[in-house]
Structure formats: C-alpha cells, structure tokens
A.B. asks: 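Pasting a structure below so you can have a look.
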Amino acid sequence: MLPETVMERYEAETIELMWQGVWERERAFSVPNPTAPDEADERRTYVLEMLPYPSGELHMGHVKNYTLGDVLAHVRRRSGYRVLRPMGYDAFGLPAENAAIREGGHPRVVAERNIAAIREQMHRMGWAIDWDREVSTHDPSYYRWTQWIFLRFFEQGLAYRREAPVNWCPVDQTVLANEQVIEGHCERCGAEVEMKRLEQWFFRITAYADRLLEEMDLLESWPEHVLTMQRNWIGRSEGSEIVFRIEELDVDIPVFTTRPDTLFGATYFVLAPEHELVPKLVEGTHHEQQVMEYARHAAARSAVERADPEKEKTGVFTGRFITNPVNDELLPIWVADYVLMEYGTGAIMAVPAHDDRDYEFARRYELPVKVVVVPADGELEEGAAYVGHSEDERLVDSAQFSAMSSAEAKTAIVEWLESRGLGRPAVGYRLRDWLLSRQRYWGCPIPILYCDGCGIVPVPDADLPVLLPEVDEYLPKGRSPLAAAEDWLRTTCPRCGGDARRETDTMDTFVDSSWYFIRYCDARNDDAAWDPAIANYWLPVNQYIGGVEHAILHLLYARFFVKVLNDMGLLAFREPFLRLFTQGMIHYLGAKMSKTKGNVVSPDEMVERYGADAVRLYILYMGPAEDDIEWQDAGIEGMSRFLGRLWRLGLEVAERGPVEAPSGAPLVRRAHEAIAKVGDDILRRFQFNTPIAAVIELVNDVYLVKDDPERAGEVRFATETAVSLIQPYAPHLAEELWERLGGGRLWKEPWPQADPALLERETFELVVQVNGRVRDKVEVPVGLSEPELLARAKELPRVRAHVDGKEIRREIVVPGKLVNFVV
RNA sequence: GCCGAAGUGGCGGAAUUGGAAGACGCGCUGGACUCAAAAUCCAGUGGGGCUCUGCCCCGUGCGGGUUCGAUCCCCGCCUUCGGCACCA
C-alpha cells in the first residue's frame, strides 16, 4: 500500500474536464440515424427530458432532471440499446423579451447569450447527450417547421380565428391562455387579469377531448395523479341539453345540465351576463337600464373578482319568464355572474333544492326552493341543497316520473323531451380551445396574411419561414410590436397579387414545445420537418422525465399535436410519451428555491467546490426522485467523501495489479448482489437513490478486508464492480479509475450482469418467532425441509425459554425466511 | 369544498410479494494515527428498563380492525403538501 502522503489526491475538476474532452473527441454519445430505420427495432430507446427554458443559469431542478435521464441513458446504452438522448432550448418567450426590454438589446441576443451559458454548464455536468441534434425553438431552421405545422392545422380547420373575450394582462400587455391565469392573476407577473374582446387564434383541442381521455389507455406508465389532473382538466361530464322557450319573444334557449332528473325542481332560470340574448330580453322594458348596467359591470369584472369563491353571487331579474318544457311552468329569468358564458350554453335552469350554487342564490334573492328528490328515509338537511345521492332516493312531485330513482328519471325525462324535440343527451367539457396568439415580439410569427379581397390567406409553404422582422420597440402597446415593422407588414397576396398585411401576433411558446421531440429525430433535415421513417423509428419516447408542473398543459398539448399529426398520416403513433416520470422539486431552507427568496443553491458553485460527479451523485441520493426534497449542504459533503473513498481504493487496487478472483468468494458474491440490486432498482423500479447506497455498502465491505493479501482477488473484483456500477452516476471518476485499473472505455463496457449462481446462498439466517415476536436467529443451510427447520428452531435456548411448558398450537414456516410458533 | 399524494430516529431516507423496522448518508460519541489539528481509518449511536458477556418492554401521525405476524391490507380521524375550485 502506498503511504498516504504519496497517494494521489482526487482532483475532480482536472479529471472531469479531461474526460469531457475525450467524450467530445471520440463522439462518445452521438447516435446517428440508421440508414434503413426499422420501426420494430427492439434495441433502440428514446430517453427524453423536458426542454429547458434557457434563463441564463442552470438550476438544481435541471441538474436533477438531466442527471436522472443521464443515469438511465448510460445503463440502457451499456445494456446494448441505441439510445437517443438529445437536448435543445425553449428559447422564445416573455422572459427573454422582458430582459431585453429591461437591459436594452435584442431578445435574440439575450436568448443566445443564455443558451451559450446553459450549454456550457450542461457540458460541465458531463451529461451524455447527442449534441449533433441540438435545436433551439427560436432558430428559423426550427420555427420554419413550427409554422409549417400551424399551416397543416389551419388546413384541417384545427387552427381558427374568432373574436373572444380574452384574459388580458395589463402589465405584460398581452393575452393569456386560461391556463396562464392563476386565481385571476397573470402566471408570470402576478398582475390582476382583465377581460377584453379581441380577434384571436385558437387550436381546436376540444375536438380531441374524448381522444385525449380514451387514448390514455395507450400509455405504458404515467403517474396516476398526472392522468387524474388531465382528466379533471378536460372535465368531461355527461348530461343533456334541454330547450326552454320564451313564448312572447318566440325565443328558444337551450341549457346544459347533468341533472335532468331535477327538472321539475327548477324554480328560476339564469343567463350569463355576456349571453347574447340579454339585450333582446330587456329591450324597451323598464328593466332594461338596470339589467344592461349589471351585465356590463359583471362582464367587465376581472377574473379574480369573479372567481373568488368567498364572493357572494349577484344577479338581477330581467322581468321575463321562460317555460319549463316538462310542465309548462313559467320561471323568472335572471342574469347572474355565477353563470359562465364559456361553459355549456351560457344559460342554466336553476334547481335550488338540488344544487349548492342555485340554493345560495335562491336564499339571497328569496326565490322558491322546490324539492323533487328525497332520500329513502325522507330526511333532508335543513338549510342546504340535497346534492348527494343515496341508494333508495326517489323523485317526488315530478308528474309521471315521481317514484323513479334519479338514474331512471335521468333517462326517462330526456327520452320524453327528445321525443318532443325539446332535449337530447349531451356532453360538456371543462376544456376550452387553446388560445395560441400572443401580442408579443419574441415568438414564432403566425404564417397568415390578410388580403382585402381574399380574406385570411395562409402563407405558402415555399415562403416559409416567415422571419421575425427587426423592430426598435419590443414593448407592446396593446398590439403586437410586429405591427410597427411597416416593410415587413405589407406584402402581396399569393392568391390575387393584391395588397395584403401579415398577421402580427406570434405564437404561444407551448406551440414550439409541442413537437420538439419529433424534430430531434431528424434535426438537420432542411427539406421537411422530419422524415416519417426516422420519426417512426425513434418515437414514441420510451421514457419522458420532467417536472410535475407540466402535468397538464405541455403534456396535454404535445399529446394533442401527436394525435393530429397521426390523423394526417405524418406520424404512425398516437401518443408521444409512453412512460412519464415526474420528478419532485428541490427545496432549500424550507422553501422552493427561488431567486426572489434568495435561497438558491447554485450548481456552478457546487461543481466548483465538489466536482460534477459529487453533485450528480448527491442530487439523486437525496431521496426518491419523485419526491420533493430538501437540499442539505452536509449531504453533498458525504457524497464527496464517498468518491474520495472509492478513489483511494481504486488507486490502491490498481497499484497492486491484476489478481484473479476466486469464484464464490464472499466479496465476489457481495459484488454480484450489488449488480443485481443496482440494475433492478434503476431499470425496473425507477429508483435512483438506493443503488448508490448499494455501491457504498459494497465499498464499505471491501474496506474491511482490503489489506488482507489472501483476499486481493476478490477485493479487486469488488472494486472493479463498484467502479462500473457507479459509472452512470459519476462517469468521470469511474472512467479514470477504470482506465487505471487497466480497462478501456467504460462507457462502452457492457453493463454488468449478475450471475444467478452467485446470488444463491448456501445458508441463510432463519428468524425464529414466538407469537410473532422475534426471539432468535440461526444460520441454517438452504434447502432444509419444514420439519427440519422447525426442529432447528426448537433447539434454540431462547426459543425454549418462551415455548417450554406451553402448548404449541400452531407452527408457521416461511421457507427461506422464518418460522413462528404460536403458543 | 372536491380530487390526489404523503406522514418512519436528532436530520435526509431504507425496508421490492404481509415476514428481523431504521439499510445508506448526515450529525453525534469514543478510539487509532498526529507534537497538534485537519484529513483518514475503526467502533458505537430509536426510546425505556433490568438480575447488563446478556435479556425484557415500548416504538413507523392518532384510534380501531383483519392476521400466527401489519410501516405495508381495511375502517374512522388528524396534519402537511399538490391539483382543481361557481364547469350547471
């Protein structure tokens, strides 16, 4: 053994930079596309982590995300797979634009500076990425194809334009999608959102609502809670549409309800303030002024006020009455803010006895409450609506439907209405169409022209990309900054040759990230967005890894895109991501890391102090990858210490030279147990913390006997195994030690396979219980019969102490584990 | 309010199919090495008790249940976190 003073110290930075250079020179992780792609190739796999937004600095969430993917990719590749693992940048979007406005300069310059920085940091982490496939969504060679896809959607009628009440952020001066409004506030800047009516572009995602639900069956493994969140977001509910009629005005108003069984309990009728019939109802009546004032006021109210559940519902009577089609009763028509224009038909029948909201409203405005469903025991709670269901509930006061159960009545009443043309079964969705236009500069231009003669005209494919023009002012003033680029704006119509203007809105960045995983497959293709043969070879993604914050939007949008592209025959599969893993967040000092709170642990600093390997190891050792976990400064010290321990062991063992390991030696067996554990944990259980513990244990075991010359062979084998198993986590150190131990390129080395024969034990420790309590343990040979095991157990003095003098009523034997005496 | 996930030593966590609770790391304690310290190596470390080479009791948020046996399954609570929240 070398004296400690002579032992070479572990210099993480030197070793890491050296090996990063080797990987780059040897193109270690480049995976070219096959010349004859075979879609059925079982030995290929696509490991993908979510596209980073290049904010200028890598954060610990990225480190965790990409290290998870890295470990998986290494193990898969060494297990004989062709592994596609690309990287890119979600570079369009508000933050870069805001930074440019703040600091002066061009958003492109800001974005590209940030990309350069984050790329550098990614290289420094040593992630095994195929950099030949790098893409950035802001690059014309990428967004050209984003535009091309938009045009395909447009052709299919899946991209359309309409005026719509939209969420308007007064600070960012732009329209927000519903999803970007959090409790009435802008997701990005926190400002209170206002309502505005504007011409907007939408994707018709609602046309795919059912398929987004049904085709969840095609997914191999997604976290149940993510699927639940998507189901809730889509919010499919089955009910019926029922037509009410205002005789005096000759007007029919349909409503959507999930409770047609309560139709006889309707005591009033409500229209949303924005409902188009409101003005007609009150025109020329003495209610007109009051109602119109109320409607204007309610409609203009910001989402935050309207969504506040604490707020009392308000409304106003219109003076009109509408006929309940089931019994010809006249119901007063109200306009109230608790009815939403965007859901159902913007009108409801109100059944205060059986709906909480209607009940609350009826109490406030002293409207009648009529009970039509009662539980079997007839007990109804005072002062509340009966909304629940009980097994034997029955309808009352509902003409020929009385005495039916709710379920029976639902069908019967709708059938009765349908036969008279007054109703039909219908489905409602919470999901709205995807509002994709943004009145901002830094996004993908929408490739559309407006011609005075031809109207809306798509830009011909041959004219793509529609490049972002240069402008002087990025700050939007209520219209897109693109509108200021006069030369760019004016163009000629490709159909009639007349004057035309360009669309000045840009796309939501979720559009860019809804197809990037396809582009990676064929990233350098200048003739098409992708070659279908190549896309179908790699895709769908076998393992997708990312933050749970994208559980709804990004994942839903990407699924939608793939379904549409599949329908067009451009892709052969219907779901983009077969397996999804959502990682937990990293907290520090008791809170989510954030710049504003100042509790950020910088990956750069940690890499500088401990090296990339220690950071990679610790980020996965902290706990289960799906859990939120707390960063502990002392924790990374521990990992750094372990790497030092492995390093010293490796050098010592290398120094001694090769020695043959006797098969079946204890450390050889221990090494095989570690191999089995690490492989199983990563590949089957998707558990990344316990494999590290297993390797640490192996190293600890080696340390206890490493100086025994008799055991040099098994020590060497166990050390080599530890180095090989830790390679996915700490690739630099592992590579260096592997070379010093006389090996070649470890990243090309096959992943170790456990020898089942060596996992077999000759003896095992039999646990002996009396009445379910452990009383003793004894080492016994494997393969003893049950009576033999029981006999061995009964001999034990401590067992005798608890059994003697008592009657053994039962003997339980779990082969290979334990016996239990019940006395 | 509705839906979902979780609760284990001083801390992060482990226990894979109902079979030894606390692997591994951190922290702490003791020892070795050193003039000393750091680093390193070795050992101990859930709580309580006793007749202390050992043995007994308690212990996985709380209260019940099923079982020879429960961190794991069932019922009812509590707490924390996440999602949705006038969606008719």
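We name chains A, B, ... by the order of the sequence lines, and we start the count at 1 in each one. All values derive from a computational prediction rather than experimental measurement.
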A.B. asks: I'd like the C1' distance from B/rA39 over to B/rC33, given in whole Å.
C.D. replies: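 So the two C1' atoms sit 11 Å from each other.
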A.B. asks: With C1' as the reference atom in both, quote the distance from B/rU8 to B/rU60 in angstrom, rounded to an integer.
C.D. replies: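 Result for the C1' pair: 4 Å, nearest Å.
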A.B. asks: Roughly how far apart, to the nearest Å, are B/rC58 and B/rU71 at atom P?
C.D. replies: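 It works out to 13 Å between them.
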A.B. asks: Select base, sugar-phosphate, or nothing to describe what A/Lys777 touches, counting heavy atoms under 4.0 Å on all strands.
C.D. replies: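 Answer is base: heavy atoms of A/Lys777 come under 4.0 Å of a base.
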A.B. asks: Please determine whether a side-chain nitrogen of the Lys or Arg among A/Asp680 and A/Arg685 lies less than 4.0 Å from a carboxylate oxygen of the Asp or Glu.
C.D. replies: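 Here A/Asp680 does not pair with A/Arg685 in a salt bridge, since their nearest N and O are not under 4.0 Å apart.
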A.B. asks: In terms of relative ring orientation, are A/Tyr618 and A/Trp631 parallel, tilted or perpendicular, with 30° and 60° separating the classes?
C.D. replies: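 Plane angle over 60°, so perpendicular.
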A.B. asks: Using a 4.0 Å heavy-atom cut-off across all strands, classify A/Leu704 as base, sugar-phosphate, or nothing.
C.D. replies: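 Since only primed, P, OP1 and OP2 atoms lie under 4.0 Å of A/Leu704, the category is sugar-phosphate.
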A.B. asks: Hey, does A/Ile696 reach any base, or is it just sugar-phosphate, or nothing, if we go heavy atoms under 4.0 Å?
C.D. replies: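 Sugar-phosphate: the residue A/Ile696, judged by heavy atoms under 4.0 Å, touches backbone atoms but no base.
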A.B. asks: For A/Asp680, report the nucleic acid contact type (base, sugar-phosphate, nothing); a contact means any heavy atom under 4.0 Å.
C.D. replies: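 Touches a base.
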A.B. asks: Rounding to the closest angstrom, what is the interatomic distance between B/rG19 and B/rA15 at atom P?
C.D. replies: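 Pairwise P distance, B/rG19 against B/rA15, rounds to 13 Å.
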A.B. asks: Using purine N1 to pyrimidine N3 plus N6-O4 or O6-N4 for Watson-Crick, or N1-O2 and O6-N3 for G-U wobble, both under 3.5 Å, which nucleotide pairs with B/rG1?
C.D. replies: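 WC or wobble partner is B/rC84.
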A.B. asks: Base, sugar-phosphate or nothing for A/Tyr618? Non-hydrogen atoms, less than 4.0 Å.
C.D. replies: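 A/Tyr618: no heavy atom of the nucleic acid under 4.0 Å.
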A.B. asks: Quick one: the side chain of A/Gln769 and the base of B/rA20, do they pair up donor-acceptor inside 3.5 Å?
C.D. replies: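 Side chain to base: no pair present.
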A.B. asks: Classify the side chain of A/Tyr343 and the base of B/rC86 as holding, or not holding, a donor-acceptor pair under 3.5 Å.
C.D. replies: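 Result: no qualifying N/O pair found.
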A.B. asks: Can you check the distance between B/rU79 and B/rG27, where both ends of the measurement are the P atom (answer in whole Å)?
C.D. replies: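 Those two atoms are separated by 35 Å.
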A.B. asks: On RNA chain B, does the nearest nucleotide to A/Gly635 precede the nearest nucleotide to A/Pro624 from the 5' side, or the other way round? Give the residue.
C.D. replies: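 The 5'-side residue here is A/Pro624.
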A.B. asks: Under 4.0 Å between a side-chain N or O of A/Asn700 and OP1 or OP2 of B/rG25?
C.D. replies: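 Indeed, a polar side-chain atom of A/Asn700 lies that close.
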A.B. asks: Whether the side chain of A/Glu224 and the base of B/rG4 hold a donor-acceptor pair under 3.5 Å is what I'd like checked.
C.D. replies: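 Donor-acceptor pair under 3.5 Å: no.
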A.B. asks: Give a yes/no answer on whether the side chain of A/Asn820 brings an N or O atom under 4.0 Å of OP1 or OP2 in B/rG19.
C.D. replies: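 A/Asn820 to B/rG19 OP1/OP2: no side-chain N or O under 4.0 Å.
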A.B. asks: Could you check which nucleotide pairs with B/rG27 in any of the strands shown, counting Watson-Crick or G-U wobble with both distances under 3.5 Å?
C.D. replies: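 B/rU45 - that is the nucleotide pairing with B/rG27, both distances being under 3.5 Å.
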A.B. asks: Where does the angle between the aromatic ring planes of A/Phe256 and A/Tyr343 fall among parallel (under 30°), tilted (30 to 60°) and perpendicular (over 60°)?
C.D. replies: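 Ring orientation, 0 to 90° scale: perpendicular.
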A.B. asks: For B/rG30 versus B/rG12, give the span between their P atoms, rounded off to a whole number of Å.
C.D. replies: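 Those two atoms are separated by 25 Å.
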A.B. asks: Which heavy atom of A/Asp433 sits nearest to which heavy atom of A/Ile205, and what is that distance?
C.D. replies: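 Taking every non-hydrogen atom into account, OD1-N, 3.1 Å.
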A.B. asks: Check whether any side-chain heavy atom of A/Val715 sits under 4.5 Å from a side-chain heavy atom of A/Leu667, and report yes or no.
C.D. replies: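 Sidechains of A/Leu667 and A/Val715: in contact.
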A.B. asks: Please measure how far the C1' atom in B/rC84 lies from the corresponding atom in B/rU16, and state the result in whole Å.
C.D. replies: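 One C1' to the other, the span is 34 Å.
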A.B. asks: Pairing check on B/rC77: which nucleotide meets the Watson-Crick or G-U wobble criteria with it, both distances under 3.5 Å?
C.D. replies: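 In the structure as shown, B/rC77 has B/rG61 as its Watson-Crick or wobble partner.
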A.B. asks: Is there a donor-acceptor contact under 3.5 Å from the side chain of A/Tyr621 to the main chain of A/Met639?
C.D. replies: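 Here the side-chain-to-backbone pair does not exist.
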A.B. asks: Give one of base, sugar-phosphate or nothing for A/Glu630, where a contact means two heavy atoms less than 4.0 Å apart.
C.D. replies: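 Result for A/Glu630 = nothing.
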A.B. asks: Quick one: the side chain of A/Arg684 and the base of B/rU16, do they pair up donor-acceptor inside 3.5 Å?
C.D. replies: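 Donor-acceptor pair under 3.5 Å: yes.
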A.B. asks: Pick base, sugar-phosphate or nothing for A/Pro223, based on heavy-atom distances below 4.0 Å to the nucleic acid.
C.D. replies: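 Here A/Pro223 touches no strand at all.
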A.B. asks: What nucleic acid atoms does A/Asp356 come within less than 4.0 Å of, heavy atoms only: base, sugar-phosphate, or nothing?
C.D. replies: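 Answer is nothing: A/Asp356 stays at 4.0 Å or more from every strand.
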A.B. asks: When you compare B/rG69 with B/rC50, how far apart are their C1' atoms, in angstrom units rounded to a whole number?
C.D. replies: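 Those two atoms are separated by 27 Å.
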A.B. asks: Would you mind telling me which residue lines up with the more 5' stretch of RNA chain B, A/Val548 or A/Gly638, judged by nearest nucleotide?
C.D. replies: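 Result of the comparison: A/Gly638.
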A.B. asks: Considering Watson-Crick and G-U wobble pairs with both distances under 3.5 Å, what does B/rU34 pair with?
C.D. replies: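 Paired with B/rU34, as far as the under-3.5 Å criterion goes, is no nucleotide at all.
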A.B. asks: Take the angle between the ring planes of A/Phe686 and A/Phe581 and call it parallel below 30°, perpendicular above 60°, tilted in between.
C.D. replies: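 Tilted: the ring planes of A/Phe686 and A/Phe581 meet at 30° to 60°.
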A.B. asks: Please confirm whether the shortest side-chain N or O distance from A/Arg231 to OP1 or OP2 of B/rG4 is below 4.0 Å.
C.D. replies: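 No, outside the criterion.
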A.B. asks: Looking at A/Arg645, I'd like to know whether one of its side-chain N or O atoms comes within less than 4.0 Å of OP1 or OP2 on B/rC42.
C.D. replies: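 Answer yes for this pair, as a side-chain N or O of A/Arg645 is under 4.0 Å from OP1 or OP2.
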A.B. asks: Heavy atoms only, 4.0 Å cut-off, all strands: where does A/Glu765 land among base, sugar-phosphate and nothing?
C.D. replies: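 Since a base atom lies under 4.0 Å of A/Glu765, the category is base.
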A.B. asks: Are A/Thr690 and B/rA23 close enough that a side-chain N or O sits under 4.0 Å from OP1 or OP2?
C.D. replies: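 No, outside the criterion.
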A.B. asks: Would you say a side-chain N or O of A/Arg685 is under 4.0 Å from OP1 or OP2 of B/rA14?
C.D. replies: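 No.
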A.B. asks: Mark yes or no: A/Arg645 above the aromatic ring of A/Tyr703, with NZ or CZ under 6.0 Å from the six-membered ring centre and no more than 45 degrees from the axis.
C.D. replies: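 Output yes; distance and angle both within limits.
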A.B. asks: Summarise protein proximity over nucleotides 52-58 of chain B in one line of letters, 5' to 3': B for base, S for sugar-phosphate only, - for none, counting protein heavy atoms closer than 4.0 Å.
C.D. replies: ---SSSS
A.B. asks: Could you check, using the six-membered ring where one of them is a Trp, whether A/Trp434 and A/Phe510 have ring centers closer than 6.0 angstrom?
C.D. replies: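 No.
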A.B. asks: Let me see the working for A/Glu224 and A/Arg231 under salt bridge (Lys or Arg N to Asp or Glu O under 4.0 Å), right down to the final yes or no.
C.D. replies: CA-CA 10 Å; A/Glu224 199 47 55; A/Arg231 279 191 202 100; 3.5 Å; yes
